[in-house]
Amino acid sequence: MTGVPTARGRDGFGGVLRRSIATLRSPLIPDAARGQRSGGRIAGCAGRIPEALLRRWRTGLGSRVKWLEVPAEPAPGPSLVRVDADTCELDGERLPNEDAWRRALGAGRLADIRGGFALAWRNGEGALELARDAIGERRLYFFIVDEGILFASSLRDLLLAFPPSQRALHEPAIAAYLCCAFVPGRETPIAGIEELLPGTRLRFARGKIESALFFELPREPVSRECDELEVVSTLRAQLERAVERRLPDGRSRVGASLSGGVDSSLVAALASRLHSGPLHTFSIGFGRGHANELPWSSWVANHIGSRHHVITIPARRVLECLDDVVATLDEPNGDPLTVPNALLFREAARHVDVVLNGEGGDPCFGGPKNLPMLAGSVQGVGSPSGRGTPTREQIYLRAFEKCSEDLDDLLSEDWLHAVNSDPVARRFEPLFDDPRQRSLVAKLMTVNLRTKGAHHILPKVDQLAAPFGVEARSPLFDRDVVELAFGIPAGFRLRGNIEKYVLKRAVDDLLPREIIERPKSGMLVPVEAWFRGPMRRAAQERLLDGLAPFGIIRRDAVEKILAGKDRRLHPRRGAKLWLLVTLEAWLRRVFAA
C-alpha cells in the first residue's frame, strides 16, 4: 500500500437544528455510549497475523467490538460465535443470544435464519467461518494478510489495523462510486479490503479460503398465469408479518420516516395498526422557496393518527454536519439525503427507539429506475452483444444520472488508465446474465436488490441511525417479502405504466387513493440551489484544495463544474458536485484519518 495525503478536519456538528415545530438545543450525539447499535459490531482474525499489526489493531478497537480470534492451526473443540444482528428469527422464534446462534449453526440451519446479520464463528473443526444475511441488512468486510485473515462488520474498524501510510485507494471502486453514488459488488474503495456479499458463507483454514452461496434469489416463474387476488392477499399478509417482526418487544417506542410516497406511507400505516403504543412519524423539509412533499406526509400522518414531527433543515445546517455524518459511513455515499437522514435520526432519538422506513419498494416491486431500461429495450438498444449501441449495463449506469459519461473528462490520466482497464459496467454483467431471471423486469430487480439495496440503501440507514442509539429497520427488504416479490410474474410488479402494481393493490385499503395513485417524485433535495448559493464557497474550498492532493480528479474539470461551464454536467450539476464534496469528506475523515 502507498502513502496518502491527509487534511485538516473542519468544524463538527455544533449549532442548532431549526425545526418547524420547536427549537432543539442539544449535542448531536447526546451520549457516546448510544453510538453502539444493539447488535454490537464484531471483528477478529484467523491464521498467522503479524504481531505488530494485531497489537495495533486490538489497541485501536478497544472494547468497541465483540472479538473472535482463531489460531493458525485449526483444532477440534467447542464452537464460538460472534454476531452483529438485528431481528433475527429461526422458525418464527427470535435468536436472543450467541448460544441460540451456536445451536442453529450446529443444526445446519444457517440458510433458514431470517433477519439481518454479520456472523463469525469458529466451527467444531477449529476453522473460521463468516456469513452475511441473505439480503444485506448487515455488512461484513475481510482482508487477507500473509497467511491470515482480518474481518470486521465495519470497514472503519478494519481500517484501524493499518495506519494511513499503509492504505491505498482502489481506483475502479472510486470510479464506480462516481457513476452510482455508491460502490457495488465485493470490491471496496480500499485496495485489498473486500466485502462479503449477501447470502454468502466463507471458510478460512490453513491459509485457504472457500466461499459459497447459502441463499439465492428465487427463479422467475415460467408461467405468467397467476391468481391476482391470491397474490395480493399473500403479499398483504407478508407485509404485515414483516412490519410486526421489526416492532420491538415490551415498551420500546416506535417511529417511522414518512415522505408521503406509497412505500413509506404503507409501512407507517401498518405500524400504526400493529404497534400497541403511539406511532411517531418524521418528515423532512428544506425551508421556504424549496419544493417538498410535506403536505402529502402530513395528510398520511393525519390519516393514520400518528404523532407527526417535521424537521426543517437549511443549507447552513447541512454544511455544518457534512463532515461528521460522512465520518459515520464505512464507504462514501453520494446520496444528498445522507445529512438530512442523520438529522432525522437525531430528532427521532428524542422520541423513539426504532425507526421503520419504506426503503425497498422500488428495488423489489419495479420502481421508476426501471423505465429508461424498459424504454431502451423497446427501441432495440441495450442488447447484451449489440455493437454501436449502448449495452444494457451502460444504459443502467446512465439511469443513475451521475458521472458514468463524464469519467474521461473528470479523472486524471493515471486514474483513467486504471479505470479503463477495469470498466465499471462489468460489475453488473453477471447479474444481468443470471439465467434464472428471464424478463428484463426480473433482471432489473436482481441488479437493484443486489447492488443498490445491499451496498447503498441498507448500509446508509443502518450507519446513520447507529450513532443516535436508534435501530433503523426496513420491512420492505424483509427476506420473505423479497422472495415473494421475485416469485410472482413480472406483470404484477410493473403493469403498463403503473409501477409497483401488486404492492399498491395489497395496501389500497390502508391509504387514501390519492396517495396510492400519485406518481413517485422522490425527496426533493435542493442541491442545485445550495451550490449556486450558500454552499458555493465551501464547495470551491473542498474540491480545489481538499480533493486535489489525492490526484483523482482533474483540477480543470472541477473548475468547469464549479463555474457551470461544462454543458454535459447540467442540469445535474448539483448532484455531481455533491458526489465530489462527499468523496472529499470521506477521503479525509475516513480513509486518511
Side-chain angles (χ1 to χ4, degrees), residues 86-87 114-118 132-140 153 176-177 179-188 195-200 213 215-218 220 238-239 242 246 257 261-264 267 329-335 337-338 341 356-370 373 393 396-397 399-400 402 427-428 430-432 434 436-437 441-465 472-487 493-494 499-500 503 520 522-523:
D86 185 41
T87 62
R114 265 61 179 168
F117 61 83
R132 183 181 176 192
D133 68 81
I135 307 302
E137 295 184 64
R138 287 289 189 262
R139 276 182 148 170
L140 191 54
S153 56
Y177 163 79
C179 294
C180 306
F182 61 94
V183 180
R186 63 177 178 80
E187 298 171 333
T188 75
E195 182 177 350
L196 193 66
L197 295 179
T200 301
L213 292 174
F215 171 82
E216 291 189 276
L217 294 169
E220 183 179 12
Q238 292 284 25
L239 291 171
R246 284 158 180 79
S257 56
V262 66
D263 299 338
S264 64
V267 169
L329 302 172
D330 282 322
E331 301 183 22
N333 188 309
D335 186 346
L337 272 171
T338 49
N341 284 158
L356 304 178
N357 61 67
E359 301 285 9
D362 288 342
C364 297
F365 291 96
K369 285 292 184 184
N370 296 316
M373 290 283 306
E393 293 82 14
Y396 183 77
L397 285 176
F400 284 101
K402 298 298 188 292
R427 288 152 179 76
F428 300 94
L431 297 171
F432 275 113
D434 186 346
R436 295 173 305 118
Q437 314 302 342
V441 170
K443 290 180 182 295
L444 285 168
M445 284 179 58
T446 300
V447 177
N448 289 335
L449 182 74
R450 286 309 193 203
T451 60
K452 188 168 185 178
H455 300 285
H456 174 64
I457 299 172
L458 288 166
K460 181 186 73 170
V461 295
D462 173 47
Q463 292 167 16
L464 293 179
R473 295 174 178 168
S474 308
L476 298 185
F477 276 116
D478 181 88
R479 174 173 160 178
D480 291 337
V481 172
V482 170
E483 289 185 300
L484 177 60
F486 273 79
R493 298 187 291 267
L494 192 64
E499 302 156 359
K500 297 181 280 193
L503 183 64
K520 182 179 178 67
M523 185 64 70

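Hydrogens, waters and symmetry mates play no part in the numbers below; they use all other heavy atoms, side chains included.
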Enquirer: V183 and T188: side-chain contact (heavy atoms from CB on, under 4.5 Å), yes or no, with the steps?
Expert: CA-CA 7 Å; V183 180; T188 75; 5.7 Å; no
Enquirer: Please find the pair of heavy atoms, one from A472 and one from A465, that lie closest to each other, and give the distance.
Expert: CB-CB, 3.7 Å
Enquirer: Is there a donor-acceptor contact under 3.5 Å from the side chain of R132 to the main chain of R138?
Expert: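 Side chain of R132 to backbone of R138, a donor-acceptor pair under 3.5 Å: yes, one is there.
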Enquirer: Can you measure from CD1 (I135) to CZ (F117) and round to the nearest 0.5 angstrom?
Expert: 10.5 Å
Enquirer: So how far is it from C180 SG to D335 CG, rounded to the nearest 0.5 Å?
Expert: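 If we round to the nearest 0.5 Å, C180:SG and D335:CG are 13.0 Å apart.
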Enquirer: Looking only at heavy atoms, which two atoms of A485 and C364 are closest? And how far apart?
Expert: CB-O, 3.4 Å
Enquirer: Distance check, rounded to the nearest 0.5 Å: T446 atom OG1 versus L431 atom CG?
Expert: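 These two atoms lie 7.0 Å from each other.
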Enquirer: How close do L197 and G185 get, counting heavy atoms only, and between which atoms?
Expert: CD2-C, 3.8 Å
Enquirer: Under a 4.0 Å threshold between the charged nitrogen and the carboxylate oxygen, would E359 count as salt-bridged to R473?
Expert: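 No, R473 and E359 are not salt-bridged.
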Enquirer: Is the backbone N or O of L444 less than 3.5 Å from a side-chain atom of N448, with the two atoms forming a donor-acceptor pair by type?
Expert: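 Between the backbone of L444 and the side chain of N448 there is a qualifying donor-acceptor contact (under 3.5 Å).
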Enquirer: What I'd like to find out is whether the side chain of T451 reaches to under 4.5 Å of the side chain of H456, using heavy atoms alone.
Expert: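 A side-chain contact under 4.5 Å is absent here.
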Enquirer: Taking 4.0 angstrom as the limit, do R246 and E137 come out as a salt bridge?
Expert: yes
Enquirer: Quick check: closest heavy atoms across K402 and A181, and the distance to 0.1 Å?
Expert: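 Looking at all heavy atoms of both residues, the shortest contact is CE-CB, 3.9 Å.
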Enquirer: Hey, does F477 have a side-chain heavy atom less than 4.5 Å from the side chain of L449?
Expert: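 Contact flag for L449/F477 side chains = yes.
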Enquirer: The test is side-chain contact (heavy atoms from CB on, under 4.5 Å); show your working for L329 and L464 and say whether it passes.
Expert: CA-CA 7 Å; L329 302 172; L464 293 179; 3.9 Å; yes
Enquirer: Rounded to the nearest 0.5 Å, what's the gap from CG on L239 to CG on D478? Could you check?
Expert: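 L239 CG to D478 CG: 9.0 Å, rounded to 0.5 Å.
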Enquirer: Got a salt bridge between E393 and R427, using NZ or NE/NH1/NH2 to carboxylate O under 4.0 Å?
Expert: no
Enquirer: Taking the six-membered ring for Trp, are Y396 and F428 closer than 6.0 Å centroid to centroid?
Expert: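 They qualify: ring centres under 6.0 Å apart.
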Enquirer: Enter the distance from N357:CG to S474:OG here, rounded to the nearest 0.5 Å.
Expert: 3.5 Å
Enquirer: Starting from the C-alpha separation in whole Å, work towards a yes-or-no answer on side-chain contact (heavy atoms from CB on, under 4.5 Å) for F365 and D263.
Expert: CA-CA 10 Å; F365 291 96; D263 299 338; over 6 Å; no
Enquirer: Over all heavy atoms of both residues, which pair between A118 and S153 is shortest? Give the atoms and the distance, please.
Expert: CB-CB, 4.0 Å
Enquirer: Do R139 and E195 meet the salt-bridge criterion of a basic N to acidic O distance under 4.0 Å?
Expert: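 Yes, charged N to carboxylate O under 4.0 Å.
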Enquirer: For the residue pair A454 and P198, what are the closest heavy atoms and their distance?
Expert: CB-CG, 3.7 Å
Enquirer: Please step through salt bridge (Lys or Arg N to Asp or Glu O under 4.0 Å) for the pair R114 and E483, ending with a clear verdict.
Expert: CA-CA 12 Å; R114 265 61 179 168; E483 289 185 300; 3.2 Å; yes
Enquirer: Does the distance from a Lys or Arg side-chain N to an Asp or Glu carboxylate O, for K452 and D362, drop under 4.0 Å?
Expert: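 Answer for the salt bridge query: no.
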Enquirer: To the nearest 0.5 angstrom, please state how far the CG atom of L217 sits from the CZ atom of F486.
Expert: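 Atom-to-atom, L217:CG and F486:CZ are 4.5 Å apart.
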Enquirer: Checking the side chain of K443 only, and the main-chain atoms of V441 only, is there a donor and an acceptor separated by less than 3.5 Å?
Expert: no
Enquirer: Any sub-3.5 Å donor-acceptor pair from T200's side-chain atoms to L196's backbone N or O?
Expert: no
